[in-house]
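Below is one structure; the comments refer to it alone.
Quick note: residue numbers are just sequence positions, from 1.
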Amino acid sequence: MEKLKFVAEYELRASPKMLFPYISTASGLSQWFASKVNTLPEQRFDFQWDNESHIARQVSMRQNKGVRFEFLDTAENGSDNNYVDFRVDQSELTQSTFLRVTDYSSTTDEDELKDLWDGLMDKLKEIVGS
């Protein structure tokens, strides 16, 4: 199955420390990313969209820097799962905070993904007062 790696960067007026809980915790993610997010044992999260459950494992996390969720059972051979990766960068020059999103999934329509992420980021910006 063909997959697309979509990468976009968004500027947010929030410190990395303030932004990080919104990309790394179930309660933060459920405010803007999914309709509901539950924490499961073994670094796993249950993301719910349109009343469908999608189990992901948190495969990496660096405090105030970034987090990656790999969605289980989204690859035919188990080695090419879909994932979403959030990275927080702060410009030393301007002190601006940027959130880089990498969405690796079966959705191959780049325009559709851009519209989706632009909408999600508008929601997140509203929450953090950006």
Side-chain angles (χ1 to χ4, degrees):
M1 177 181 283
E2 192 177 321
K3 295 194 179 192
L4 173 73
K5 185 176 185 177
F6 174 82
V7 181
E9 198 167 82
Y10 299 89
E11 184 175 1
L12 293 123
R13 288 187 197 89
S15 70
K17 196 174 190 173
M18 186 215 177
L19 184 60
F20 193 70
Y22 290 99
I23 63 169
S24 62
T25 65
S27 61
L29 288 160
S30 63
Q31 289 184 51
W32 68 277
F33 182 60
S35 47
K36 190 173 183 184
V37 182
N38 293 309
T39 309
L40 302 171
E42 299 171 5
Q43 300 294 322
R44 292 178 309 143
F45 288 72
D46 178 6
F47 292 90
Q48 293 180 19
W49 290 281
D50 302 324
N51 292 322
E52 279 187 33
S53 187
H54 301 271
I55 306 296
R57 194 166 55 88
Q58 185 182 51
V59 292
S60 70
M61 180 178 65
R62 286 188 55 216
Q63 191 67 36
N64 300 328
K65 293 284 186 196
V67 63
R68 177 181 286 201
F69 296 99
E70 185 177 293
F71 290 88
L72 307 177
D73 304 323
T74 55
E76 290 168 24
N77 59 5
S79 67
D80 193 30
N81 283 323
N82 296 354
Y83 66 82
V84 64
D85 188 84
F86 298 113
R87 292 282 162 229
V88 179
D89 291 312
Q90 191 167 32
S91 166
E92 289 181 23
L93 191 62
T94 64
Q95 295 304 304
S96 297
T97 302
F98 294 91
L99 179 61
R100 185 181 323 115
V101 175
T102 304
D103 180 345
Y104 182 69
S105 68
S106 309
T107 306
T108 55
D109 185 336
E110 199 159 348
D111 292 334
E112 186 182 314
L113 281 171
K114 183 177 179 355
D115 290 345
L116 171 75
W117 282 106
D118 286 353
L120 288 170
M121 284 301 134
D122 287 346
K123 208 169 172 182
L124 180 59
K125 285 177 181 179
E126 202 174 292
I127 292 167
V128 299
S130 186

Say whether [X] and [Y] are linked into one hydrophobic cluster, either directly or through other cluster members, by side-chain heavy-atom distances under 4.5 angstrom.
X: F98; Y: W117; answer: no
X: I127; Y: L29; answer: yes
X: L116; Y: V37; answer: yes
X: I23; Y: V59; answer: no

Yes or no on side-chain contact (heavy atoms from CB on, under 4.5 Å) for F45 and I55, after CA distance, side-chain angles and deciding distance?
CA-CA 6 Å; F45 288 72; I55 306 296; over 6 Å; no

Do [X] and [Y] have side chains that approach each other closer than 4.5 Å (heavy atoms only, starting at C-beta)?
X: T102; Y: V84; result: no
X: V101; Y: V7; result: no
X: E42; Y: R57; result: no
X: L19; Y: T97; result: yes
X: Y22; Y: L12; result: no
X: D46; Y: Q48; result: yes

Could you check F71 against N81 for side-chain contact (heavy atoms from CB on, under 4.5 Å), going step by step and ending with a plain yes or no?
CA-CA 6 Å; F71 290 88; N81 283 323; 5.6 Å; no

N/O donor-acceptor pair under 3.5 Å between D50 side chain and E52 backbone
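Checking the backbone N and O of E52 against the side chain of D50, no donor-acceptor pair under 3.5 Å is found.
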
Okay, side chain of T108, backbone of K3: is any donor-acceptor separation there less than 3.5 Å?
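Side chain of T108 to backbone of K3, a donor-acceptor pair under 3.5 Å: no, none is there.
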
Test log, rule side-chain contact (heavy atoms from CB on, under 4.5 Å), inputs Y83 and F69:
CA-CA 6 Å; Y83 66 82; F69 296 99; over 6 Å; no

How far apart are the C-alpha atoms of L113 and L4, what are their side-chain angles, what is the distance that settles it, and do they pass the side-chain contact (heavy atoms from CB on, under 4.5 Å) test?
CA-CA 10 Å; L113 281 171; L4 173 73; 3.6 Å; yes

For [X] against [Y], the heavy-atom pair lying closest together:
X: S27; Y: Q31; result: O-CG, 3.4 Å
X: Q63; Y: F20; result: NE2-CD2, 3.7 Å
X: E92; Y: Q95; result: O-NE2, 2.9 Å
X: A56; Y: F47; result: CB-CE1, 3.7 Å

Inter-residue atom distance [X].[atom1] - [Y].[atom2], 0.5 Å rounding:
X: S106; Y: E2; atom1: OG; atom2: CD; answer: 10.0 Å
X: Q58; Y: T39; atom1: CD; atom2: OG1; answer: 9.0 Å
X: E126; Y: M121; atom1: CD; atom2: CE; answer: 13.5 Å
X: T107; Y: E112; atom1: OG1; atom2: CD; answer: 6.0 Å
X: D118; Y: D111; atom1: CG; atom2: CG; answer: 10.5 Å

Quick check on K65: does its NZ atom have over 12 non-hydrogen neighbours (other residues, nucleotides or ligands) under 6.0 Å away?
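Check fails, neighbour count at 12 or below.
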
V67, L99, N64 screened by side-chain contact (heavy atoms from CB on, under 4.5 Å) with V88, the one that passes
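So, applying the side-chain contact (heavy atoms from CB on, under 4.5 Å) to V88 and each of V67, L99, N64, only L99 qualifies.
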
With the threshold set at 4.0 Å, does a side-chain nitrogen-carboxylate oxygen contact exist between R87 and D85?
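A salt bridge is present here (some side-chain N lies under 4.0 Å from a carboxylate O).
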
Taking the ring centre of each residue, are F86 and F33 less than 6.0 Å apart?
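Centroid distance F86-F33: below 6.0 Å, so yes.
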
Aromatic contact between F6 and Y104, with the criterion being ring centroids under 6.0 Å apart: yes or no?
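For F6 and Y104, the ring centres are not under 6.0 Å apart.
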
Report the residues that fulfil side-chain contact (heavy atoms from CB on, under 4.5 Å) with T94, sequence neighbours left out, ordered by chain and then residue number.
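Listed in chain order: S91, S96.
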
